[in-house]
Peer 1: 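Please see the structure below; I have some questions.
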Amino acid sequence: MLPLSNDRLPAFGPAVPVVRRSTGRRLLDGLLARPSVGALFGVLSVGVFFVLQAPGLLSSGGLATVLDIAAPLGIGGVAVAMLMVAGQFDLSIGVVAVTSSLVTALLVTEAGLGIWPALLVSLVVALLIGAVNGLLVVTTGLSSFLVTLATFLVLQGSSLAIAAAVAGSSRISGLPGSPGWSSAMAVFGSTAQLGDGRFRISVLWWLGATMLTSWQLWRTRFGNAVFATGGAPRAARELGVPVARTTVLLFLGTAAAGWLIGTLGLVRLGGVQVDPALGAEVEFIVAAVIGGCLLTGGYGSTVGASLGALLYAVAREGIALADWDPRWFQAFLGVLLLVALLANGVVRRRLRAVPRS
């Protein structure tokens, strides 16, 4: 009898040849298994395209504007990405930003509090909103999309009504000069002038949020629970994964991100404008999807969401510098989203055939 070849499996039934993959093929499969690769290629390709159209995009002023646009979107995007990996949505993060900054402004201008006590109270308010969202989702079984849509409508109407009733206007200003304002400016409003560009501290907050959430998602037991909750929630419960607690904590995270976005805008403008328009909430989800998050949960990364926010900002500033009609941006964003959805489907199918360690 001939000895068994190393290229055949001595299992039951006929021997099956083992197909050996080349080094290049293994590298390609490994790249396709990473959710953020598509967003990285998108940033590079869109960046090169618009640099050719408007070389000013690479100037210090152009880069500062791109990062200024991307920072708040990235902060919200990484929080939403964490939630989407767990199979949930949050449409209220943008209005939480407005509501929390409105609470801060009213406490300073109407109640006479210093800026730091007011910020602490508004953070508690934001976290309460996140806790309500999370508890409603896990206790009632309702769709998080519908729960947070209802929260958005409640907060939208309440913010407009309270601002008009208490301050007599949807615009509240006059915060500079309040106790603690200078230190709040140092933490949330500092800038650095490099060439003709003014870089804001919101970029550092964005980078910090990305690193923190990426570490949580890939290096902690909590991150394992997030993936399990989004991939197979019923099996996760049976294996003892705290699905309900994980979901509530993630909603607390999106609420905290909303508070941070609102605070950065409040300190930057020295006030708050209660805007009834819906838009930022959808942009956070778009950034996460472009970054590789699947709508069905169980797959994605916060680094990809940050790259999605950067891609969004590059396209928006590139269109402005290229002197295109600004209305083309929405069409361009729609194309990016469609390409991201198609690419995610391809990557997901490829991922199923690639063993991951």
Peer 1: Can you name the closest pair of heavy atoms from A163 and L102 and give their distance?
Peer 2: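 So the two residues come closest at CB-CD1, 4.1 Å.
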Peer 1: Considering all heavy atoms of both residues, which atom of L217 and which atom of G300 are nearest to each other, and what is their separation?
Peer 2: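 Answer, listing the atom of L217 first, then G300: CD2-O, 4.0 Å.
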Peer 1: May I have the step-by-step check of side chain to side chain contact (heavy atoms under 4.5 Å, CB included) for V46 and F332, ending in yes or no?
Peer 2: CA-CA 11 Å; V46 171; F332 190 80; 4.2 Å; yes
Peer 1: E110 and I172: side chain to side chain contact (heavy atoms under 4.5 Å, CB included), yes or no, with the steps?
Peer 2: CA-CA 10 Å; E110 302 296 329; I172 300 175; over 6 Å; no
Peer 1: By side chain to side chain donor-acceptor pair (under 3.5 Å), which residues pair with S202, not counting sequence neighbours?
Peer 2: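 S202 satisfies side chain to side chain donor-acceptor pair (under 3.5 Å) with no residue once adjacent residues are dropped.
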Peer 1: Is there a donor-acceptor pair under 3.5 Å between the side chain of E238 and the backbone N or O of G240?
Peer 2: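 Flag not set: sc E238 to bb G240 has no pair under 3.5 Å.
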Peer 1: Please evaluate residues Q88 and T247 with respect to the criterion side chain to side chain donor-acceptor pair (under 3.5 Å), reporting the C-alpha separation (whole Å), side-chain torsions for both, the decisive distance (0.1 Å), and the verdict.
Peer 2: CA-CA 8 Å; Q88 306 291 346; T247 302; 4.7 Å; no
Peer 1: If you measure from CD1 on I115 to CE on M185, what distance do you get to the nearest 0.5 Å?
Peer 2: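 Answer rounded to 0.5 Å: 11.0 Å.
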Peer 1: Once side chain to side chain donor-acceptor pair (under 3.5 Å) is applied, do any residues pair with W116, and if so which ones, sequence neighbours excluded?
Peer 2: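 W116: side chain to side chain donor-acceptor pair (under 3.5 Å) contacts with S183.
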Peer 1: With V226 as reference, evaluate T220, L83, V85 under the side chain to side chain contact (heavy atoms under 4.5 Å, CB included) test and give the passing residue.
Peer 2: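 So, applying the side chain to side chain contact (heavy atoms under 4.5 Å, CB included) to V226 and each of T220, L83, V85, only V85 qualifies.
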Peer 1: Just do the ring-ring contact (aromatic ring centres under 6.0 Å, His included) check on W218 and F227 with the steps written out, would you?
Peer 2: CA-CA 9 Å; W218 296 102; F227 278 110; 5.0 Å; yes
Peer 1: Verify, without hydrogens or angle tests, whether S144 (side chain) and F89 (backbone) share a donor-acceptor contact under 3.5 angstrom.
Peer 2: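 It does hold such a pair.
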Peer 1: Using side chain to side chain donor-acceptor pair (under 3.5 Å), reason through S159 and T99 one step at a time and then give a plain yes or no.
Peer 2: CA-CA 6 Å; S159 298; T99 301; 3.0 Å; yes
Peer 1: Distance from F284 atom CZ to I75 atom CD1, nearest 0.5 Å?
Peer 2: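 One gets 9.0 Å once the value is rounded to the nearest 0.5 Å.
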Peer 1: Between W205 and F188, is the gap from one ring center to the other below 6.0 Å?
Peer 2: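 Ring centres of F188 and W205 closer than 6.0 Å.
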Peer 1: Is it true that atom CZ of F49 has more than 12 heavy atoms of other residues, nucleotides or ligands lying nearer than 6.0 Å?
Peer 2: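 More than 12 heavy atoms, drawn from other residues, nucleotides or ligands, come within 6.0 Å of this atom.
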Peer 1: Check for a donor-acceptor pair, side chain of S59 on one end and backbone N or O of P55 on the other, with a separation under 3.5 Å.
Peer 2: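 No, the answer is negative, given that no donor and acceptor are paired below the 3.5 Å cut-off.
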Peer 1: Suppose we screen for salt bridge (Lys or Arg N to Asp or Glu O under 4.0 Å). Which residues come up paired with D325, at least two apart in sequence or across chains?
Peer 2: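 With sequence neighbours excluded, D325 shows a salt bridge (Lys or Arg N to Asp or Glu O under 4.0 Å) to R327, given in chain and number order.
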Peer 1: For residues 127-141, please give each side-chain donor-acceptor pair under 3.5 Å, one per line with the distance, not counting sequence neighbours.
Peer 2:
unit_1, atom_1, unit_2, atom_2, d
N133, OD1, T151, OG1, 2.6
N133, ND2, S92, OG, 3.3
T139, OG1, L135, O, 2.5
T140, OG1, L136, O, 2.3
T140, OG1, L142, N, 3.2

Peer 1: Within this structure, what is the CD1-CZ distance for the pair I319 and F50, rounded to the nearest 0.5 Å?
Peer 2: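 That separation rounds to 4.5 Å.
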Peer 1: Side chain to side chain donor-acceptor pair (under 3.5 Å), that's the test. Do T210 and T302 meet it? Break it down for me.
Peer 2: CA-CA 6 Å; T210 303; T302 57; over 6 Å; no
Peer 1: Can you name the nearest heavy-atom pair linking G197 to A64, along with the distance?
Peer 2: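 For G197 versus A64, the nearest heavy atoms are CA-CB, 3.9 Å.
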Peer 1: Picking from L40, I290, L44, what satisfies side chain to side chain contact (heavy atoms under 4.5 Å, CB included) with L311?
Peer 2: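 So, applying the side chain to side chain contact (heavy atoms under 4.5 Å, CB included) to L311 and each of L40, I290, L44, only I290 qualifies.
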Peer 1: Within a radius of less than 6.0 Å around CZ of R198, do more than 12 heavy atoms belonging to other residues, nucleotides or ligands occur?
Peer 2: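 Result for CZ/R198: open.
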Peer 1: Does R268 have any side chain to side chain contact (heavy atoms under 4.5 Å, CB included) partners at least two apart in sequence or in another chain, and if so, which?
Peer 2: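 Side chain to side chain contact (heavy atoms under 4.5 Å, CB included) check on R268 returns D68, R200.
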Peer 1: Identify the two heavy atoms, one from S100 and one from A97, that lie closest to each other, and give their separation to 0.1 Å.
Peer 2: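 Scanning both residues, the minimum pair turns out to be OG-O, 3.1 Å.
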Peer 1: Keeping S214 on the side-chain end and M211 on the backbone end, is there a donor-acceptor pair under 3.5 Å?
Peer 2: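 Looks like no, no N/O pair under 3.5 Å.
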Peer 1: After noting the C-alpha distance and the side-chain angles of W206 and L73, does the key distance pass the side chain to side chain contact (heavy atoms under 4.5 Å, CB included) rule?
Peer 2: CA-CA 9 Å; W206 170 34; L73 183 59; over 6 Å; no
Peer 1: Which is it for V241 and R237 under the side chain to side chain contact (heavy atoms under 4.5 Å, CB included) test, yes or no, and what are the steps along the way?
Peer 2: CA-CA 5 Å; V241 176; R237 291 189 189 93; over 6 Å; no
Peer 1: For A257 and A79, work out which heavy atoms get closest and say how close.
Peer 2: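 So the minimum-distance heavy-atom pair works out to CB-CB, 3.6 Å.
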Peer 1: In Å, rounded to the nearest 0.5 Å, how long is the span from CZ of R245 to OG1 of T229?
Peer 2: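 Atom-to-atom, R245:CZ and T229:OG1 are 10.5 Å apart.
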Peer 1: Using a 3.5 Å distance criterion without hydrogens, assess whether the side chain of D90 forms a donor-acceptor pair with backbone atoms of T254.
Peer 2: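 No, the answer is negative, given that no donor and acceptor are paired below the 3.5 Å cut-off.
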Peer 1: Taking side chain to side chain donor-acceptor pair (under 3.5 Å) as the definition, give me every residue that meets it alongside Q53, ordered by chain and number, with sequence neighbours left out.
Peer 2: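 In terms of side chain to side chain donor-acceptor pair (under 3.5 Å), with neighbours along the sequence ignored, Q53 is linked to no residue.
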Peer 1: Can you tell me how far CE of M82 sits from CG of L212, rounded to the nearest 0.5 angstrom?
Peer 2: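 That separation rounds to 8.0 Å.
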Peer 1: Could you give the distance from CG (L333) to CG (L338), rounded to the nearest 0.5 Å?
Peer 2: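 If I round to the nearest 0.5 Å, the distance is 11.5 Å.
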